[in-house]
Protein chains: 2
Amino acid sequence: MPGKSKEVIDLSSTLPEIWRMLSDVERNLLRENARVLNFKKNELIYLEDEIPKDLMCLFKGKVKIYKSGVGGRSQIIRIIRPYMYFGYRAYFAREPYVTAASAFEACTVCMIPMELIETFLRKNGDLAMFFIQMLSVDLGIADQRVVNLTQKHVRGRLAESLIFLKESYGLEEDGATINIYLAREDLASLSNMTTSNAIRTLSNFVNERILAVDGRKIKIIDEERLRKISRIG
Amino acid sequence: MPGKSKEVIDLSSTLPEIWRMLSDVERNLLRENARVLNFKKNELIYLEDEIPKDLMCLFKGKVKIYKSGVGGRSQIIRIIRPYMYFGYRAYFAREPYVTAASAFEACTVCMIPMELIETFLRKNGDLAMFFIQMLSVDLGIADQRVVNLTQKHVRGRLAESLIFLKESYGLEEDGATINIYLAREDLASLSNMTTSNAIRTLSNFVNERILAVDGRKIKIIDEERLRKISRIG
DNA sequence: ATATATTTGTGTTTTAGAACATAGTTCTAT
DNA sequence: ATAGAACTATGTTCTAAAACACAAATATAT
């Protein structure tokens, strides 16, 4: 069970886009209804086929949104970093979740009832546009992803995922190590390949001096080359 | 150049969802700004990298939304049937188009300036929710599509496309012929395979008495089996 | 601390589907 | 009506990536 935190959170700084658009009355309602939950590493946040109830905002940690495909093979659809919103699409579509979400590492998530969000945005054009824009951006990314995952070869797909991880979570103090430690299996599921192929292609990149790998730590040595591999597929 | 039609269109019946949600003043504005254009078969409606300006509603005909991928290989992202809206995602995301649209067959399209739509929905929660819901449904479909196109085999992907075409455009009077005539190349681009493979797999389905094919006419003989192939991949 | 499970790494085999080649057929334009 | 282009069909070859098999290295739990 996820732990319920009772500490006081300053929503004006953690949910700035939404907070800014609300009236005082609405802000009070938000404060009263928002809950903050903690999840342990690998804990499930929501499951496929569940009924969506909350808008979620990741305060701390890393989350993967994934889908189980043909023959149980799972596929990471997107990854969430702090202060990104998630979990609202299915509610708006009036559908159960078609994806699941779980914590890559210990997480803190703010949950806000979707009913509340919907009443807010029905009266607030700016808030409505905020969600419309997020959905539109995500839909564009999904369309792009269809082409990338189906047309690029394994090297291109892995290179792309590594760059994506770097842009999402940034680098450590050394200016080279990607700031997320994934299992090879997750790297594979993000790049639509088998685990063996992720391992093999990663070793190839190391031999070609594009990366340096130490367990789950991945250092980008030659980003230019990595980007080129991603581009040409 | 697409032809500009001067005939009077009854927007209350062609754009019922939007019309219903507007005030009289807004309806007049809509009438004054909506244009109806005709496109010939294979004519381009919009192009990748263009700046999106209009919400489009297909009144007549069939439209494909596609993306050119790695090495010029093009991929159909979705297909539009009458009274579906399209062309608005990129505007909302504040991006140029990342897809192109062209007419499978002669089309009539209603164009409404996006600025107008945005001002409407900023004041109208129901209209905002209408777009939020459309985007949310489409995003769910795109997520599902990523898994289907990457994990299913050619037979599964083609079977799925055929069922999708049937559900989108329906059957002819004989209750079996899919009501759209696509080139094998388009069938391939919809199912993420090469044209040769689309042709070959289609012939296999004919040999297995799942389909009957006469040129571009495709008859579904054994829908149950087709659905099973689509399901198991 | 030690047993058990999970993850990583590598070599080998198999296969689905792309690429290529060629020919027949059906549109389309003048 | 006829030439050229585009589409459809089928056989053959080739290759990327999956599937499988087995160690070795780590992590996790008792």
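Throughout, a chain's letter reflects where its sequence line sits, starting with A, and its residues are numbered from 1.
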Take atom [atom1] of [X] and atom [atom2] of [N], then tell me their distance rounded to the nearest Å.
X: Leu158(A); N: dA16(D); atom1: CG; atom2: P; value: 17 Å
X: Arg157(A); N: dA16(D); atom1: CZ; atom2: P; value: 13 Å
X: Asn42(A); N: dA5(C); atom1: CG; atom2: P; value: 18 Å
X: Asp214(A); N: dT8(C); atom1: CG; atom2: P; value: 12 Å
X: Asp186(B); N: dC7(D); atom1: CG; atom2: C1'; value: 11 Å
X: Leu187(B); N: dT8(D); atom1: CG; atom2: C1'; value: 13 Å
X: Lys217(A); N: dT8(C); atom1: NZ; atom2: P; value: 15 Å
X: Glu185(B); N: dT26(C); atom1: CD; atom2: C1'; value: 16 Å

(request) Cation-pi check, Arg89(B) to Tyr91(B): give yes when NZ or CZ is under 6.0 Å from the six-membered ring centre and within 45° of the ring axis, no otherwise. (result)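 Negative - Arg89(B) is either too far from the ring of Tyr91(B) or too far off its axis.
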From C-beta outward on [X], which listed nucleotide comes closest to its side chain: [options]?
X: Met193(B); options: dA19(D), dA18(C), dC7(D); result: dA18(C)
X: Arg200(B); options: dA18(C), dA18(D), dT12(D); result: dT12(D)
X: Ser196(A); options: dT8(D), dC20(D), dG9(C); result: dC20(D)
X: Arg216(B); options: dT8(D), dA17(D), dA18(C); result: dT8(D)
X: His153(A); options: dT8(D), dA17(D), dA19(D); result: dA17(D)

(request) Indicate the ring-plane relationship of Phe59(A) and Tyr83(A), choosing parallel, tilted or perpendicular according to the 30° and 60° boundaries. (result)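 If you compare the ring of Phe59(A) with that of Tyr83(A), the planes turn out tilted.
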Is there a side-chain contact between [X] and the phosphate of [N], meaning an N or O under 4.0 Å from OP1 or OP2?
X: Arg184(B); N: dA9(D); answer: yes
X: Thr194(A); N: dA18(D); answer: yes
X: Asn197(B); N: dA16(C); answer: no

(request) Measure from the side-chain N and O atoms of Arg209(A) to the backbone N and O of Ile221(A), and report whether any donor-acceptor pair falls under 3.5 Å. (result)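 No, the answer is negative, given that no donor and acceptor are paired below the 3.5 Å cut-off.
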(request) May I ask you to say what Ser203(A) touches in the nucleic acid, namely base, sugar-phosphate or nothing, with a heavy-atom cut-off under 4.0 Å? (result) sugar-phosphate
(message) Counting C-beta onward and ignoring hydrogens, is there a side-chain heavy-atom pair between Tyr66(B) and Asp143(A) closer than 4.5 Å?
(response)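 Not in contact.
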(request) For salt bridge (charged side-chain N to carboxylate O under 4.0 Å, His left out), just list the numbers for Asp54(A) and Arg35(A), CA-CA rounded to whole Å, side-chain angles, deciding distance to a tenth of an Å, and then say yes or no. (result) CA-CA 10 Å; Asp54(A) 293 293; Arg35(A) 291 154 301 139; 2.8 Å; yes
